[in-house]
Amino acid sequence: MQNFDYIRVKSKDELSELLDKQNKEIKLLSGGTDLIPQLREGKKDIEIIVDVKNINEMNELSFDNTLGLYIGAAVSCLNICQDVKVKTMYPGLIDAISLIGGVQIQGRASVGGNLCNSSPAADSIPALIVHKSICIIESKDGIREVPVEQFCTGPGKNVLNKNEFLAGIRVPKVDPEFGAAYLRFIPRNEMDIAVVGVGASVEIKEGHITTARLALGAVDATPRYFDDVFEPLLGMAINDENLDRILDDIGQSISTRINPITDMRGSAEQRKHLSKVLTKRTLLKAIERASNQQEVN
Amino acid sequence: MQESNLVREKKKFQVIGTRPKRPDGTDKVTGRALYGGDINLPSMIYGEILRSPHAHAKIISIDYQEALAIEGVKAVITAEDFPSLEDVTKKVGEGAVNIRYRSNNILAKEKVLYQGHPIAAVAAKDKNIARLAIEKIIVKYEILSPVLDVREAMKEDAPILLEELRTVSMGEKIDKPTNIAKHIQLKRGNIEDSFAESDIIIEREFYTSMVHQGYIEPQSVTALYNNDGDISVWTSTQGAFIAQQQISDVLNIPLSKINVIPMEIGGGFGGKVSVYLDPVAILLSKKSGSLPVKITMSRKDVLMATGPTSGSYIKVKLGAKNNGIFTAVHAYLAYEAGAYPGSPVGGGAVSLFAPYKLDHLLIDAYDVVVNKPKSEPYRAPGTTNAIFASESIIDEIAVKLKIDPIELRLINAVKEGDRRIDGPTYGRIGLIEILEEIKAHPHYHSKLRGKYQGRGIATGFWFNYAGKSSVYASINGDGTVNLIEGSTDIGGSRASMAMQLAETMELPYESIIPKVVDTNSIGYTEGTYGSRTTYSTGWATHNLGNELIRLMKEKAAAHFETEIGNIVYSKGNFTSSDKEISFIDLAKLMKGNPVTASSSIHPKRASPGFGTHIVDVEVDPETYKVTILRYTAFQDVGTAIHPSYVEGQIQGGVVQGIGWALNEEYIYDDTGNLVNHTLLDYRMPTSYDLPMIDTVLIEVPDPDHPFGVKGVGEVPIVPPAAAIANAINDAIGHRLNRLPMSPKNIFESINQVK
Ligand SMILES: Cc1cc2nc3c(=O)[nH]c(=O)nc-3n(C[C@H](O)[C@H](O)[C@H](O)COP(=O)(O)OP(=O)(O)OC[C@H]3O[C@@H](n4cnc5c(N)ncnc54)[C@H](O)[C@@H]3O)c2cc1C
């Protein structure tokens, strides 16, 4: 590990100020579960590390009846998973966030870090996308909002400018008609990076599907969002006997539209195949959640 | 040794077969136990190693002037600092190595042969300086094409790794450059005629990848080259004397100058027999003016550059009669030795059909160098690969002939008096007992519930080794006994030695205080490998106990003023006609005049190990992920000294076998870079991937050993790959011939078929 300076900031203003002035290589430190291993492996050239965990505003986890859920960029996965409101209202998010690492990792790792590390295989991103989540990006120049599906621009790359940071993520309020799920495939049952990860959400009104969204991880240079493959699903009754076949078709079509790589974690062909399998399984789970939700209400 | 027969019969034991707590338990659970990296000496400095980024290259030059000039750097060494060595083959552990190759593996000379091959080492006052200095060493290479596959390496036009290497084929040297170090042939009977008389013949090819032992503690060595030339080495090793010998060979320093102090060991499984860092740390210490030097490997170093076991290509043809009797075997095995000769292909060739009677066979085995790390032993070396092949084919025959898989094995199983395929006659072995036990076991009769569930069976074999051991003891003034030994305790052997001594001396287990000491403090003892420690060191301990009792009888005779022949010892008491004194009281009387004894032993042979495993799996028919539902391992364990540790050995071996079967593999890119050099991507099973591993201990005592011990540690890793392959076939009707049977490999195998 190379030598670097460590700065701890206490407020977003202090952070904006610092990012604006510095022209050295800076990296923000949230949980450090991506950053520290990368430094150890000598993968990053960094002169200054700015610790953002002590910024109160970035540790905010709150729910508002009109705005929905706000996840400060530094909130740990564990805090999110233990939040009763999130657990009951956003089980599809919990699917993904609870998968990140094990207990020890969860205590440190943040969703903000998962997003900003911008790995194509990051588990939280497909789930955030199908929840229509928005990144709140701040800098000395002000605040801008970017939908999560537009945040990543390549492996390890995102839309953040040098003077910007991710302040938090807003996840819109969900209606009772809404159901979401995230499934990933890994060869073991723990301690693996997604070979393929699929997030899906649907809305169901009076037993019929009215919207559907799908996002896939680890199948391309960035997490992929698909908002247009659901024509055949729209208006369909959830007990329609053709549902199964149509979900297969959607899976098939998705598998032809992605560009997975072959690496030590899986081959391109295997990833295409898994995309198809998981697309169907995840959509089914989302449909099931949406319909159960309505039975409860 | 005569008296040993008395304790052979089962159930007469007092201590053996109980489950006392281990002497090292408290230190281990409280974190106080000192492992390889826990030693910190005054004015200690740190070593780092420069490793080759290339899999195959000539070293043109090494310039370390800039590194040496850095403030805080104390010494830099390269292979030039090692003595030049002749090609001499020496026994190391159960294998043999050419010491020049061993030296070149420790620091490369002229050529690098795998990614991670050490080239130079630096010692500096802190780790960061040492790392910085490493980066300043300039090495010029001439990059050569790497050979990464065993069959590619055997081709006529393959790039040659070792210019001087010549194939030794059945004892004869073939005079042309090659990557094939050795060709062994086993031949018996007449396979042509026997195949012609067979009702069924199955021939299949099998492929396995290199896999690592995956011990959790990385290699760490601290060495001091003292000003008077005496050397101390603190390290975690499977055998302190084996480390001492290798250091002596490689550095050309007399054995007596080197004291190896064994630390607690965080796993070895065969991988901590060979030395890597020790001679480097010693020379750095010498060059830096006798400062102690510590070198610790990273996980990446461990995976990239310490010895995994061989990847292999195996082709087997097996014939059988309709009644299930095996007729003939024709097999071909080629194992990757890694950078230098010495794969375990010989063991693989014999173990392939060691559990069965076969009179007609032809087996050719090849030891082949490739641009990967030098392979090292891994639990029953070479055998898992081979048995994966043979037991898959046997399963196929059972299915085709519609014979119950246990019956088929019973029909062919070896028993006492039968010949092993390479000649020797078996003694009292328990394979039949194992198979009979399975037939009566509920697991074998339980119903599978899911559509994609399947059951598989496989039998494993391992030679087991005896080897040399020494022990020493002194009786303390309070009647306790200090037991001093030289066997590294990996699987609870301090407990099992104390138990065997307590049993012999008819004392409580708690009276024995066992300790593993350095090479200056005990007689020569081979390493803890070959499943030999409880067997041989245990035997020595038993002889030691008899000697201590004899000496105590002398004391008792003096005390009672009678002849030793009048003294009877039983249950901790010495009696002579109407007089009696307890062991403890007699010890108390002797205060300041203790009884001491020592014992060394070299048993000629050990009973081999057999085990048969049953596994139930479920295969996800879409993702091809395999879930282990239920696992039961049956093994002939001779006598289980401490049953919990026997079970632990079996469970641990099975888990490693499951890892090998399902996900573990070395993945190289085309240039010979190991891409999965982390435990994230070198996928050993986690606790979430495993059910409870059930064990059934079948005691068929070894008639030679005083307590009937048989080695138990290695055979459990052998059956899992084959058993799981057979279970997968039962579940989805598809036979896999490649390890690991990962979702990716199953997907590819099925889609090739389609
Ligand atoms: C053992 C282990 C298991 C893991 N398992 C998984 C897994 O299953 N799934 C998965 O997706 N990931 C996994 N990870 C990766 C990692 O834990 C996650 O990506 C985690 O969410 C990162 O969060 P963090 O807070 O630790 O990020 P950090 O390491 O602190 O930061 C990650 C990156 O984001 C930048 N950054 C952080 N916060 C901000 C901000 N507010 N604004 C701008 N940039 C910022 C940092 O500079 C850095 O480049 C695992 C890691 C480990 C070590």
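Within every chain, numbering begins at 1; the chains are lettered A, B, ... in the order of the sequence lines, protein sequences first and strands thereafter.
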Colleague: Within a 6.0 Å radius of atom OH on B:Tyr688, are there more than 12 heavy atoms belonging to other residues, nucleotides or ligands?
Modeller: no
Colleague: Between A:Arg281 and B:Glu622, does any NZ, NE, NH1 or NH2 come within less than 4.0 Å of an OD or OE carboxylate oxygen?
Modeller: yes
Colleague: Give, for atom CE of A:Met264 and atom CD of B:Glu665, the distance between the pair rounded to the nearest 0.5 Å.
Modeller: 11.5 Å
Colleague: Does a side-chain heavy-atom distance below 4.5 Å link A:Pro187 with B:Ser742?
Modeller: no
Colleague: Using modelled atom types only, decide if a donor and an acceptor are shared between the side chain of A:His273 and the backbone of B:Thr623 within a distance under 3.5 Å.
Modeller: no
Colleague: Tell me, side chain or backbone of B:Leu679 under 4.5 Å from chain A's heavy atoms, or both, or neither?
Modeller: backbone
Colleague: Are the side chain of B:Lys625 and the backbone of A:Ile186 linked by a donor-acceptor contact shorter than 3.5 Å?
Modeller: yes
Colleague: Do you know which of B:Asp681, B:Asn663, B:Asn676 has the most heavy-atom pairs under 4.5 Å to chain A?
Modeller: B:Asp681
Colleague: Indicate the atoms forming the closest heavy-atom contact of B:Leu680 with A:Asp192, along with that distance.
Modeller: O-OD1, 3.4 Å
Colleague: Is the shortest heavy-atom distance from the side chain of B:Val675 to the side chain of A:Asp263 under 4.5 Å?
Modeller: no
Colleague: Kindly say whether A:Arg188 contributes a backbone atom to a donor-acceptor pair with the side chain of B:Asp689 at under 3.5 angstrom?
Modeller: no
Colleague: To the nearest 0.5 Å, what is the distance between CZ on A:Arg40 and OG on B:Ser298?
Modeller: 11.0 Å
Colleague: Given heavy-atom pairs under 4.5 angstrom as the criterion, report whether the side chain, backbone, both or neither of B:Asp620 touches chain A.
Modeller: side chain
Colleague: Would you check if B:Phe747 and A:Glu269 make a side-chain contact, meaning some heavy-atom pair closer than 4.5 Å?
Modeller: yes
